[in-house]
Every structure is written in structure tokens, then in C-alpha cells.
> 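Quick one: structure below, then a few questions.
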Amino acid sequence: MYKVLISNTELPSKTVGSWTNRLTKLINHHPTFFNYILSPSNALNTCVKCKKRSFITWYPRLRQVQLQHWVAKEYIKALKRIIKKNETWALLVMDDMHLLEAIVWANKQHNWQAKITFSFHGFELNLKPELLAGLHQILFLSKLAEAQFLDTHHNYHQNTAVVGNAVDSKVFYALDTQEKIQLKKSLGYNENDVVLLWMAKDRPKKGFYIFKNLVELLWQKYPQLKVITIGTEQTLNHTNAKKLGILPNLHLAQYLKISNIYTFTTQYDEGFGLSMIEAYKCGNMVVASKLGAIPEVLKDLPNTYLIDKSSKIEDWFECCNDLISELYNNRAPKVENKIDIWEYDTWEAKFMNAIY
């Protein structure tokens, strides 16, 4: 069976991103697993450079025409060129509903009889009946997302699989006490500093405004508390705040290794929340919203705390206040080096086995 990877983001990738990192790693490990990679990249011999375009207008009667002949034109053209009759093809579409819709339609129109798999990275997936009929498999990041989909799509009778997510433990791991002290000093912190960290893309739904209100309350009680933010250009008006902006994984890991508490203040149903596991593997206690797949991701992990009412600042403050107090009084529990949870090799095996 011939396998085609289809993405609106370039693969292999040099940018910061959770699923692009793990797909890039897989491609590097297994360069012949996919016969073709359709994305905005031509880095490899297997790559066919394709770029997704934006809709010109949202006029409903022109939607399908635009989708086929403009938005996904380069992808459809590439597939028409490479797919041959009397061959079996598996098409894997990465988390893009527009490309999925266009390719399902093209598969039917051109009678390719390809098996289409959709890799979904969110939590709540809603698909129209015509898309359901054209799919052969959906990959989810969590059992909760899979269950939510099956509960609301009783007319879907094809395959589903839960492949989870992955963190590279060679990059994200906890330091021993002396190593952590040395790294803290090299990055401008003192041995006894307590560090609170927030990391996410700069979007309102990630709840930076919650975090900002939280640390302003915490600074009233702990003015010496150190705070690091990664991924946002928004600022905190305090001498103990450090804004690092967007960092590649290799650089951001060192800050996760010196921090003590990671706050994940998301305000929507997360498909996974990979940054929580990156922080946890680096030795952080994790305080997170109880939304989407987060309870499943953190299930049975010690030193992780879920906030039921994620928009209520008082609940965040109560939890973080207790943890910070324990840290300053040297009573905080030791966070073990959990290299075996959500490990890349486990994800890779699940993912590759799920592709026909």
C-alpha cells in the first residue's frame, strides 16, 4: 500500500509546534514510511510542495468550486498526478477540515478508492454526513475525544483509534538537585528562587489574562516569586517577571527544568495539552484547567492539580498559594523523573500501526 501524508504545515518542519515536531521526528526516523509528503515543503525527495490557499469568498454556492479549484487546488493536482489505477493508496490528512473535505470529494469524483485517515488534534469533532461517508479512519489524541465523537456521530461505522501524544524524553527531563542549581544560576536565578511558569500560544483561549490576574495576587503575598512566560508577547509589570517569547523546544526545555510550578490556564476543551507533559517531565508540579482531555492526560500523575472552575481566579490562587508556601518552607513533595509517560517511542509505534 502506498501512503501519502497531507499537511497544510510544512513537513518536515523547523518551526515550533507539538505535532509537527513529532511528525518530523518520525519522518527522520523512517524516511520511506510515507511514499509522498504533500505540504509547503520540498525538503526531501518524497516531498511534493503544495500550498493551501484562503477562500476568496464565503458565498455558500461557490464553496465547493473554490475548495477544489483554489483552496486545495495544488493538493488535488498532486494527487491526480501520483495516484495510479489498480494501486492501493492510504491518504493521511493532518488536522485540516478544508483539506479533508476537498480530498474526500476528489477521492469520490476521480474514483481513486483511496483509504482516507483523518488525524484530529482537537477535542470536539463535528463532521457532516458526506464527510463521514468518505472516511475510513479517524485518529484521536485521547479516549475522551473519541468517546465524545462516537456519542454524537451514531452514523459513523468506520475505524477510530487513539494514538495519544508524545514528548521526547531526551529533551524534556528533570535534573538532579545540583544540576538544577547550576542551571538556575547560569540563567540568572538564585538557588532558593521559586519559579512559576506559563507557556502557550498567544491566543485569548489560552487564558493569559487568568494567569496575569493570578500572579498579581501571588506577588502581593510573595513579592520575591519569579515568573517566566513563554510563547506570548504580553507583558507582566513586575521586576521578577521574565518574558521569553517564542522559543524552539531545545531552548525552552532549560527553563522548564529550572521552574517549579507550571500553570496551564486554558479556557477551552483541549485536545491534549502537550506543554503540561513537557513541564511535568522536567520536574514541575502542574496546575491545569479541568477541561477537554486534560483529566485523562494527567490521570494518576502525582503532583498535578485540576481547577474545576477554570475562570475563577480564587481557585487558581488557593492551589498555587499552597504549593508556593510548601516550596518556600522546603515541604514540597519531590517530583519524580517520569520519562516513561507519553513517551515518543510509544506514540510512534501506535501511530505507524494505525496507518494502513
> Roughly how far, to the nearest 0.5 Å, is CG of L92 from OG of S7?
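Between S7 OG and L92 CG, I get 9.5 Å after rounding to 0.5 Å.
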> side-chain contact (heavy atoms from CB on, under 4.5 Å) for S275 and F264? Distances and angles first, verdict last.
CA-CA 8 Å; S275 63; F264 193 58; 3.4 Å; yes
> Under the criterion side-chain contact (heavy atoms from CB on, under 4.5 Å), I'd like the reasoning laid out for I138 against L127: C-alpha separation, chi angles, the key distance, then a yes or no.
CA-CA 11 Å; I138 304 172; L127 294 176; 4.0 Å; yes
> Is it true that, when you exclude E318 itself, more than 12 heavy atoms of the residues, nucleotides or ligands shown sit nearer than 6.0 Å to its CD?
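No.
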> Taking the six-membered ring of Y189 as reference, does the NZ or CZ atom of K226 fall below 6.0 Å from its centre and within a 45° cone about the axis?
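Relative to the ring axis of Y189, which defines the angle, K226 lies outside at least one limit.
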> Search all heavy atoms of W219 against all heavy atoms of V227 and return the closest pair with its distance.
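In this case the closest contact between W219 and V227 is CZ2-CG2, 3.4 Å.
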> Between the side chain of S325 and the main-chain N/O of N321, is any donor-acceptor distance below 3.5 Å?
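Side chain of S325 to backbone of N321: no pair is present.
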> Less than 4.0 angstrom from a charged side-chain N to a carboxylate O is my criterion; do K206 and E270 meet it?
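Counted as a salt bridge, because a side-chain N and a carboxylate O are separated by less than 4.0 Å.
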> Please report the interatomic distance CH2(W347) to CE(M352), rounded to the nearest 0.5 Å.
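So the gap between those two atoms works out to 9.0 Å.
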> Donor-acceptor check, side chain of N107 to backbone of I103, threshold 3.5 angstrom: yes or no?
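A pair under 3.5 Å: no.
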> Please assess R63 against E101 for the test salt bridge (Lys or Arg N to Asp or Glu O under 4.0 Å), listing each intermediate value before the final yes or no.
CA-CA 11 Å; R63 175 183 171 77; E101 184 179 350; 2.5 Å; yes
> If you look at every heavy atom in D269 and G292, which pair is closest and at what distance?
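Between these two residues, the closest heavy atoms are OD1-N, 3.1 Å.
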> For atom CZ of R53, decide whether the heavy atoms of other residues, nucleotides or ligands shown that lie under 6.0 angstrom number more than 12.
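More than 12 heavy atoms, drawn from other residues, nucleotides or ligands, come within 6.0 Å of this atom.
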> Which heavy atom of L247 sits nearest a heavy atom of L252, and at what distance?
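That would be O-CD2, 3.5 Å.
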> If we only count heavy atoms from C-beta on, is the K80 to W112 side-chain gap below 4.5 Å?
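Yes, at least one pair of side-chain atoms sits under 4.5 Å.
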> Evaluate the side-chain contact (heavy atoms from CB on, under 4.5 Å) criterion for residues Q68 and W105: first the C-alpha distance (whole Å), next the side-chain angles of each, then the deciding distance (0.1 Å), finally the verdict.
CA-CA 9 Å; Q68 296 295 314; W105 187 87; 2.9 Å; yes
> State plainly whether one hydrophobic cluster holds both I83 and F34, where clusters connect Ile, Leu, Val, Met, Phe, Trp and Tyr through side-chain heavy atoms under 4.5 angstrom apart.
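No; F34 is not reachable from I83 via cluster members.
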> Drop me the distance from L244's CG to E233's CD, to the nearest 0.5 angstrom.
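One gets 10.0 Å once the value is rounded to the nearest 0.5 Å.
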> Just by distance, do the side chain of D176 and the backbone of E179 share a donor-acceptor pair under 3.5 Å?
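Confirmed, D176 side chain pairs with E179 backbone.
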> Yes or no on side chain to side chain donor-acceptor pair (under 3.5 Å) for S119 and H121, after CA distance, side-chain angles and deciding distance?
CA-CA 7 Å; S119 181; H121 301 155; 3.2 Å; yes
> Do other residues, nucleotides or ligands put more than 12 heavy atoms under 6.0 Å from D151 CG?
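Yes, enclosed.
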> Please assess N240 against Q224 for the test side chain to side chain donor-acceptor pair (under 3.5 Å), listing each intermediate value before the final yes or no.
CA-CA 7 Å; N240 286 334; Q224 74 277 35; over 6 Å; no
> Check the pair E216 / H238 against side chain to side chain donor-acceptor pair (under 3.5 Å), numbers first and verdict last.
CA-CA 9 Å; E216 286 176 352; H238 198 281; over 6 Å; no
> Do Y262 and M285 touch side chain to side chain, with heavy atoms closer than 4.5 Å?
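Counting from C-beta outward, Y262 and M285 never come under 4.5 Å.
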> Taking the six-membered ring for Trp, are W70 and F55 closer than 6.0 Å centroid to centroid?
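Judged by ring-centre distance (under 6.0 Å), W70 and F55 do not meet the cut-off.
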> Is the distance between the ring centroids of H29 and Y344 under 6.0 Å?
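Ring-ring flag for H29/Y344: true, centres closer than 6.0 Å.
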> Count the heavy atoms belonging to other residues, nucleotides or ligands that lie under 6.0 Å from NE2 of H110, then report whether that count exceeds 12.
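Above 12, so yes.
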> Any heavy-atom pair between the side chains of I277 and F172 that's under 4.5 Å?
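Not touching, per the 4.5 Å side-chain cut-off.
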> Can a donor-acceptor pair be found, under 3.5 Å and without considering hydrogens, that links the side chain of N284 to the backbone of A279?
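Checked: pair present.
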> Give, for atom CG of L218 and atom CZ of F317, the distance between the pair rounded to the nearest 0.5 Å.
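So the CG of L218 and the CZ of F317 are separated by 5.5 Å.
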> Can you check salt bridge (Lys or Arg N to Asp or Glu O under 4.0 Å) on K309 and D315, steps first, answer last?
CA-CA 7 Å; K309 298 179 180 178; D315 290 0; 5.9 Å; no
> Would one find more than 12 heavy atoms of other residues, nucleotides or ligands at under 6.0 Å from atom CG of N237?
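Incorrect, the count does not exceed 12.
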> With a 4.5 Å heavy-atom cut-off, do K299 and E296 have their side chains touching?
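The answer is no, as the side chains (C-beta and beyond) never meet within the 4.5 Å cut-off.
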> Can you name the nearest heavy-atom pair linking K180 to S259, along with the distance?
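Minimum heavy-atom contact is NZ-O, 3.3 Å.
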> When you look at NZ of K243, are more than 12 heavy atoms from neighbouring residues, nucleotides or ligands closer to it than 6.0 Å?
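Yes, NZ of K243 has more than 12 neighbouring heavy atoms, counting only those of other groups under 6.0 Å.
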> If the test is side-chain hydrogen bond (donor to acceptor under 3.5 Å, both in side chains), which one of W316, W198, Y209 qualifies with T265?
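Filter result, single survivor: W198.
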> L91 and side-chain contact (heavy atoms from CB on, under 4.5 Å): which partner among L5, L38, L79?
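Among L5, L38, L79, the one meeting side-chain contact (heavy atoms from CB on, under 4.5 Å) with L91 is L79.
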> Supply the atom-to-atom distance L196 CG to T263 OG1, rounded to the nearest 0.5 angstrom.
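One finds 4.5 Å between CG of L196 and OG1 of T263.
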> Taking atom NZ of K184 as the centre, does the number of heavy atoms from other residues, nucleotides or ligands within less than 6.0 Å exceed 12?
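For K184, atom NZ is crowded (more than 12 foreign heavy atoms under 6.0 Å).
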> T9 versus S39: any side-chain heavy-atom pair under 4.5 Å?
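Answer no - side chains too far apart.
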> Is there side-chain contact between T117 and N159, with at least one heavy-atom pair below 4.5 Å?
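Result no, sub-4.5 Å side-chain heavy-atom pair not found.
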> Is there a donor-acceptor contact under 3.5 Å from the side chain of Y2 to the main chain of E87?
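Judged by distance alone, no pair lies under 3.5 Å.
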> Please test N303 against Y280 for side chain to side chain donor-acceptor pair (under 3.5 Å), starting from the C-alpha separation and ending with a verdict.
CA-CA 9 Å; N303 304 316; Y280 190 79; 5.2 Å; no
> Assigning hydrophobic clusters by single linkage (Ile, Leu, Val, Met, Phe, Trp, Tyr; side-chain heavy-atom cutoff under 4.5 Å), is I258 placed with M276?
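Yes; tracing contacts between hydrophobic side chains, which count when under 4.5 Å, links both residues.
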> Of the non-hydrogen atoms in S289 and Q267, which two are nearest, and what is the gap between them?
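Reported closest heavy-atom pair: OG-NE2, 4.0 Å.
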> Looking at F33, is K3 sitting on its ring face, NZ or CZ under 6.0 Å from the six-membered ring centre and within 45 degrees of the normal?
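Pair K3/F33 counts as cation-pi.
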> Parallel, tilted or perpendicular for H153 and F149, by the 30°/60° rule?
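If you compare the ring of H153 with that of F149, the planes turn out parallel.
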> Do F351 and L23 have side chains that approach each other closer than 4.5 Å (heavy atoms only, starting at C-beta)?
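SC-SC contact between F351 and L23 confirmed.
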> Using the rule given for side-chain contact (heavy atoms from CB on, under 4.5 Å), can you reason through L327 versus I261, listing the C-alpha separation, both sets of side-chain angles and the distance that settles it, and then say yes or no?
CA-CA 10 Å; L327 286 164; I261 303 171; 3.8 Å; yes
> Is it true that E10 and K51 have a side-chain N and a carboxylate O under 4.0 angstrom from each other?
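Salt bridge: no.
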> Mind listing the closest non-hydrogen atom pair of H251 and Q254 along with its distance?
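Taking H251 first and Q254 second, the nearest heavy atoms are O-CG, 2.9 Å.
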> Are any non-hydrogen side-chain atoms of F140 and T160 less than 4.5 angstrom apart?
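In short, these two side chains touch, coming nearer than 4.5 Å.
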> Distance check, rounded to the nearest 0.5 Å: I181 atom CD1 versus L175 atom CG?
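The CG atom of L175 is 11.0 Å from CD1 of I181, to the nearest 0.5 Å.
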> Can you confirm whether more than 12 heavy atoms, excluding those of K242, are under 6.0 Å from its NZ atom?
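Yes, the 6.0 Å shell around NZ holds more than 12 heavy atoms from other groups.
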